[in-house]
Protein chains: 2
Amino acid sequence: MPTSSRFAVAVHILTYLARDRKRAHRSEEIAGSISTNPSVVRRILGDLARAGLTTSQLGKGGGALLARGPKKISLLEIFNAVEDQSLVAMHRTPPSRSCDIGRTIQPVLQSITKTAEDAFFAELETYSLKDVVRSVQTAAAA
Amino acid sequence: MPTSSRFAVAVHILTYLARDRKRAHRSEEIAGSISTNPSVVRRILGDLARAGLTTSQLGKGGGALLARGPKKISLLEIFNAVEDQSLVAMHRTPPSRSCDIGRTIQPVLQSITKTAEDAFFAELETYSLKDVVRSVQTAAAA
DNA sequence: TGTGTATGTAACCAACAAAGTTACATAAGG
DNA sequence: CCTTATGTAACTTTGTTGGTTACATACACA
C-alpha cells in the first residue's frame, strides 16, 4: 500500500551524513550509495533542510551537513519532514450524504485511526538517527 | 502518502451490514451509500469473505451478510483483510551493495519500522466494528 | 574578479497502483 | 425457466512517485 519510499531514502541520506560529519557531502556522492539520481537526493535534502535537520553549502567543497547531532534527531522528525502525516486514507470520493453512515463515518474512522497513527508515531519517536547509525555499523562489521 | 482507501471502504461496508443484520444487502445498495460502483464493493466483499468476515447469497433476496457479531470483528482484522501489511516502504530500487550503508540499511530500517507498525496494529485491535457502529449511530442522531 | 563547482527548484516523463467501468459466467430462488 | 445477484476478469482512467533534464543562483578560491 505505501507508495512513497521517501522516509527510507531520507534515513539513508542522514545516516550517510552522520557517518562522517567532518566534511560536506555532495548529492552526487550520496546518490551513489542510494543508487538514484542526485536530483532526487537534493529534492529530499530540501525537505530535510526546511525541517532544520540539515544544512548545505554551495561551491567547491560544498554539499550537505547534519544540522545537529544524530542522537538529537528522532526518526519521527525525519518521517514528518518527508512524508504525509496520515497513514490511512479515507474514501477517495465523499460517500453519500443522504445516508446516516455515509454522512458520519469519516470523522468516526478518522478519530480511531488517529489513535493508531499516534501509537505508530510515538514508537518512531523512541528511535534516533544514532540508533540507526549504530545498527548499520554493527551490521556492516559482520 | 497512503494511496489505498480500501480500509475505509471495507469498514463502511461492514458498518452498513452491521446496522441491519436481518437481511442480506446487495452490492448495488451498499455502493449507493459509499458513492461508488457495485463492482468495487463486490471486489472488497471478496476480500472480506476470504477473511471469514462476511458471507454472500446469490439470487433474489441475496446479497452480503456479516459472518459474525460486530463485537467480534476487530478493526485490525478488517485492515489485514484488505490492505498490505506494511505501512512503510523501502527504497524502490535496491541501494548500492558496494557501500556499507547501502548494503545494510534496509534490514535495520525494517526492524525499526516493524515495531512502529506493531504499535499501530495493536491499537487497531482494541477497536471492534461494534464501536464504529455505535459512534456512527451517535453521530447520526446529532 | 573570474572560473569552476554545487545547490535548489522547476518542468517533464515514465512507471506503477488504485479505483472506476464493463462484461459475463455461474448459481440461487421462485 | 427466468430473474436476480454474486464473483471475477479485463480494460480504462486517474493520481502519485521517482527519474531525468535543465538552469539560475551562489559560494570558494585562485
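Residue numbers begin at 1 in each chain, while the letters A, B, ... track the order of the sequences. All values reported here derive from a predicted model rather than from experimental measurement.
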* Spell out, as yes or no, whether a donor-acceptor pair under 3.5 Å connects the side chain of B:Ser35 to the backbone of A:Ser96. => yes

* Asked: Rounded to the Å, how far apart are A:His12 NE2 and D:dG18 C1'?
  -> 16 Å

* Asked: When the distance from CG of B:Leu45 to C1' of D:dA5 is rounded to whole Å, what number comes out?
  -> 12 Å

* To do: From the options C:dG20, C:dT7, D:dT8, select the nucleotide whose nearest atom is closest to the side chain of A:Leu58.
  => C:dT7

* Asked: Do any N or O atoms from the side chain of A:Gln85 and from the backbone of A:Glu83 form a donor-acceptor pair under 3.5 angstrom?
  -> yes

* **Rounded distance (Å) that lies between atom P of D:dG7 and atom CD1 of B:Ile30** => 10 Å

* Asked: Under 4.0 angstrom, heavy atoms only, what part of the nucleic acid is A:Arg42 near: base, sugar-phosphate, or nothing?
  -> base

* Select base, sugar-phosphate, or nothing to describe what A:Gly63 touches, counting heavy atoms under 4.0 Å on all strands. => sugar-phosphate

* Asked: Under 4.0 angstrom, heavy atoms only, what part of the nucleic acid is B:Gln57 near: base, sugar-phosphate, or nothing?
  -> sugar-phosphate

* To do: Locate the shortest heavy-atom distance separating A:Pro70 from A:Ser128; write the atom from each residue and the value.
  => O-CB, 3.7 Å

* Closest approach of B:Ala81 to B:Leu48 (non-hydrogen atoms, all atoms of both residues) -> CB-CD2, 4.1 Å

* Phosphate contact (D:dT6 OP1 or OP2) by B:Ser27 side-chain N/O below 4.0 Å -> yes

* Whole angstrom value for the distance that separates C1' of D:dT8 from CG of B:Asp47 -> 12 Å

* **Least distance between heavy atoms, B:Ile78 atom then B:Ala10 atom** => CG2-CB, 3.8 Å

* **Of A:Ser5 and B:His25, the one whose closest DNA chain D nucleotide lies more 5'** => B:His25

* Could a donor-acceptor pair under 3.5 angstrom be found where the side chain of B:Ser39 meets the base of D:dT8? -> yes

* Structure fact -> Of D:dG19, C:dG8, C:dA19, the nucleotide closest to the side chain of A:Asn37 is D:dG19

* Using atom CG of B:Leu65 as one end and atom P of D:dG7 as the other, report the distance to the nearest whole Å. => 11 Å

* Contact summary for A:Leu109 and B:Ala8, nearest pair of heavy atoms -> CD1-CA, 3.6 Å

* Asked: Within this structure, what is the CG-to-P distance between A:Leu48 and C:dT7, rounded to whole angstrom?
  -> 14 Å

* **Separation of D:dG15 P from A:Met90 CE (nearest whole Å)** => 19 Å

* Taking OP1 and OP2 of D:dT13, is either one under 4.0 Å from a side-chain nitrogen or oxygen of A:Arg92? -> no

* To do: Output the single nucleotide from C:dA19, D:dT20, C:dG8 whose closest atom is nearest the side chain of A:Ser56.
  => C:dG8

* Which part of the nucleic acid, if any, lies within reach of A:Arg26 when heavy atoms closer than 4.0 Å are counted: base, sugar-phosphate only, or nothing? -> sugar-phosphate

* Examine D:dT17: is either OP1 or OP2 under 4.0 Å from a nitrogen or oxygen in the side chain of A:Thr3? Give yes or no. => no

* Asked: Quick one: the side chain of B:Arg43 and the base of C:dG20, do they pair up donor-acceptor inside 3.5 Å?
  -> yes

* Between B:Gly61 and B:Gly46, which is nearer to the 5' end of DNA chain D once each is assigned its nearest nucleotide? -> B:Gly61

* Asked: Of the candidate nucleotides C:dG20, D:dG19, C:dT5, which contains the atom at the shortest distance from the side chain of A:Lys60?
  -> C:dT5

* A:Asp84 CG to D:dT16 C1', straight-line distance once rounded to whole Å -> 10 Å

